[in-house]
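A quick write-up on the structure given underneath.
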Amino acid sequence: MKELIERLVAQALAALPAEDRGSLDDLHPEVERSRDPAHGDFACSIALRLARAARTNPRALAARIVAALPPNPFIARTEIAGPGFINFFVTTAAWQQQIARVLETGAAYGCSDAGAGRRAIVEFVSANPTGPLHVGHGRHAAFGASLASLLEATGWSVHREYYVNDAGRQMDILAASVWLRYLELCGERVEFPVNGYRGEYLRPIAADLQARHGAALRRPADQVFADLPPDEPAGGDRERHIDAVIARMRELLGAADFRTVFDRGLEDILADIRDDLGGFGVRFDRWYSERGLADHGAIDRALARLREHGHVYEQDGALWFRATAFGDEKDRVVVRENGQSTYFASDIAYHLEKRERGFDLLLDVLGADHHGYVARVRAGLIAMGEPGESLEVRLVQFVALFRGGTKVQMSTRSGEFVTLRELRAEVGDDAARFFYVMRSNDQHLDFDLELARARSNDNPVYYVQYAHARVASVLRQAAGRGQPFDAAVGLAALGRLGEPAELALMSEIARWPEVLGQAAALRAPHAVVHYLRELATAFHACYNALPFLVEDPALRNARLALIVALQQVVRNALGLLGVTAPETM
RNA sequence: GCGCCCGUAGCUCAAACGGAUAGAGCACCGGCCUUCUAAGCCGGUGGUUGCAGGUUCGAAUCCUGCCGGGCGCGCCA
């Protein structure tokens, strides 16, 4: 409906003399839902906007636009109100035909081709494979997955990717940690480094290693720790100590066996993450290896591009990228004095590689603590001759868990409730997916565990799912009475729908394409959650106000068509959020 | 110190590009089940949008300055 009115206004504008259109020819006729029913169903403020540029009276301009409006059977009337708003009153038939449209288009109702087939790569989660996902990653997963679905539903070609940080020091520390746990299993006495990964999850991985390789990777503990710089508890430095442990491990095992341990840790943890996310309904098209980046020469290509464009220089033995020339606050090292490329070099290489793969939109979902990284990577892209706007970053704020009124402390040490897996087990996947995207991604999220698991009317997930199940229940009742829903009869009798509660529900149903389009454009899955609540409210109100299973077959099937349409929209919207739509509750 | 994000009802949060009287949920108060699931509905109380200025027909939204909270400022990853 909104789209229709926008088209009508656009046509009216095109018919106006140039001086009325002002200089803003590209101005989109912005039609929005009226807040106040007295202002009609839709309102357009175009006259107010144009009046400034055209230096005319907005109300007079509005009158000229209205006069130029092509007649349309779905527009009952228009009026000019306030400073120059054009209010549109829609006919009942306009709402009714939306119901027919829902039944015709089904799962596609609400979808659009706004993205025009452009290719987007959505990178999200990308947590280091050094341990299980925690509740913060869960929010990234839920947000990223919903965002990807939103884009797909609005005509984008979407590729979902997880960047696996399988290189670098953190992974070496993981390998050393796995190995030390393995040595313990073999019977060695190990003083576990303060800076190692101390989580219990490494023990099964060490056991896996032992099952596969027996004692082949065992080395005496005194050899391992002989003459190492002391760890922190012994008055030393934790960083130097762990690095020395890693170096010793390499020395004692040799490159090949070091890699064996390293890969065991990486693969086991990655398998766990994959399984966790899969169970959470979050899937990726590709798990992109950071190591592969270097292997395929992507880093070299990126550096070559920077050189070509003359944006690097040498200083203090290192190679620097002139980031300041592209809006960053300081220049960045890309190749260290020791010849190794930096993490930043990998980052820009990865993003260049995304462009090489043909993506128009590089959408990164990152933790809020990574905001400093955005300007840098964009600078890199521009310097390499790629459009800076192709990179779009959405930051996800932190999650605080609450049980009842009290905050759940989330330190790794306390061993309390930290993993996504535990959260899923406690509240269920539906509630978790829903709650994670309930708030705008740039707001801190207070996740109320008790509310999420509550099987009560306070719980918004149940409230929405219940609307879906309730329709299913009504349909079962109808069938049980020997009067199953007859869509043909219902569609033919849509003209019978006109009660206030029915109109309100039809209007909400008609809003879904608007909500979906806007949620995708604004990258705002939370808008879908808010809509779902309002939609469910309109349905529950209708349920209480009117009986559906009435004697008159025409009216009965018309009402059933209405609630079947409602059910379809609830299913479509929940589906985008990765939440199930149950038949019974 | 510099930079980014945030500050809206008692609580948790909405409000695209500046639009009409700032909206929901929870909590609180009062009603509605012999009838399709009360996991529901209806009504009510509740606001100087952190503070002070500015821009204009119009500001929660844009600009400036302050106050409060979070995060970032490595040849770490």
Side-chain angles (χ1 to χ4, degrees), chain A residues 27-28 30 32 34-36 38-39 43 45 48-49 51-52 57-58 81-85 87 128 130 165 167-173 239 290 315-320 329-330 332-344 346-347 367-375 395 397-398 402 405 438-440 442-448 451 454-463 465-467 469-478 480-481 501 517-519 521-522 524 526-527 529-530 533-534 536-537 539-550 559-560 563 584-585:
Chain A
L27 201 70
H28 188 64
E30 291 124 358
E32 55 185 25
S34 303
R35 282 172 180 263
D36 188 338
H39 296 144
S45 60
L48 289 165
R49 278 166 225 289
R52 183 177 309 188
N57 177 341
F85 291 100
N87 293 333
N128 284 353
T130 54
N165 287 276
R169 181 165 172 266
Q170 291 308 316
M171 288 305 295
D172 287 341
I173 296 177
E239 305 292 346
E290 179 187 356
Q315 187 182 306
D316 305 330
L319 189 68
W320 294 73
E329 51 192 19
K330 53 170 72 170
R332 307 286 170 179
V333 172
V334 284
V335 180
R336 279 177 270 194
E337 206 174 351
N338 65 12
Q340 282 191 325
S341 61
T342 60
Y343 188 85
F344 170 65
S346 298
D347 277 341
D369 51 338
H370 285 73
H371 64 76
Y373 149 118
V374 182
L395 299 175
Q397 293 287 343
F398 300 118
F402 285 81
M438 212 159 40
R439 306 297 177 222
S440 162
D442 52 31
Q443 289 283 347
H444 290 262
L445 174 67
D446 287 343
F447 194 119
D448 187 334
L451 181 61
R455 317 193 109 256
S456 78
N457 51 350
D458 297 348
N459 188 337
V461 189
Y462 283 94
Y463 182 80
Q465 287 184 318
Y466 180 43
R470 227 178 183 183
V471 173
S473 174
V474 173
L475 294 176
R476 283 193 298 271
Q477 288 280 337
R481 294 178 189 188
Q518 181 160 315
L522 299 178
H526 73 275
V529 172
H530 286 272
R533 266 192 178 172
E534 284 153 15
T537 298
F539 165 70
H540 289 309
C542 200
Y543 183 97
N544 275 59
L546 305 164
F548 303 127
L549 302 180
V550 294
R559 285 186 175 162
L560 289 178
I563 66 173
T584 60
M585 286 177 76

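Values below: every heavy atom of this structure, side chains too, minus hydrogens, waters and symmetry copies. Throughout, protein chains are lettered first and strands after them, A, B, ... in sequence-line order, and every chain is numbered starting at 1.
- For B/C57, the paired nucleotide is B/G19, the pair qualifying as Watson-Crick or G-U wobble because both relevant distances are below 3.5 Å.
- Stacking of the aromatic ring of A/Tyr463 onto the base of B/A39 is not found under the criterion of centres within 5.5 Å and planes under 30°.
- Remark: side-chain polar atoms of A/Arg439 are not paired, donor with acceptor, to backbone N or O of A/His444 under 3.5 angstrom.
- Stacking annotation: A/His530 is not stacked on the base of B/A14 (requires ring centroids less than 5.5 angstrom apart and an interplanar angle below 30 degrees).
- Side chain of A/Asp316 to main chain of A/Ala318: no donor-acceptor pair is present (N/O by atom type, distance under 3.5 Å, no hydrogens or angles).
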B/S/- contact track for nucleotides 67-77 of chain B, protein heavy atom under 4.0 Å: ---SBSSSBSB
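- Figure legend. B/C36 is base-paired to no nucleotide; pairs are counted as Watson-Crick or G-U wobble with both atom distances under 3.5 Å.
- Regarding contacts with the backbone of B/G7, a side-chain N or O of A/Gln443 is found under 4.0 angstrom from either OP1 or OP2.
- When the C1' atom is used for both B/G1 and B/G58, the distance is 39 Å, rounded to whole Å.
- Atom pair A/His540:NE2 and B/C33:C1' shows a separation of 16 Å (rounding to whole Å applied).
- If you take CG on A/Asn165 and CD on A/Gln170, they are separated by 9.5 Å, rounding to the nearest 0.5 Å.
- With hydrogens and angles ignored, a donor-acceptor pair closer than 3.5 Å exists between the side chain of A/Asn87 and the base of B/A20.
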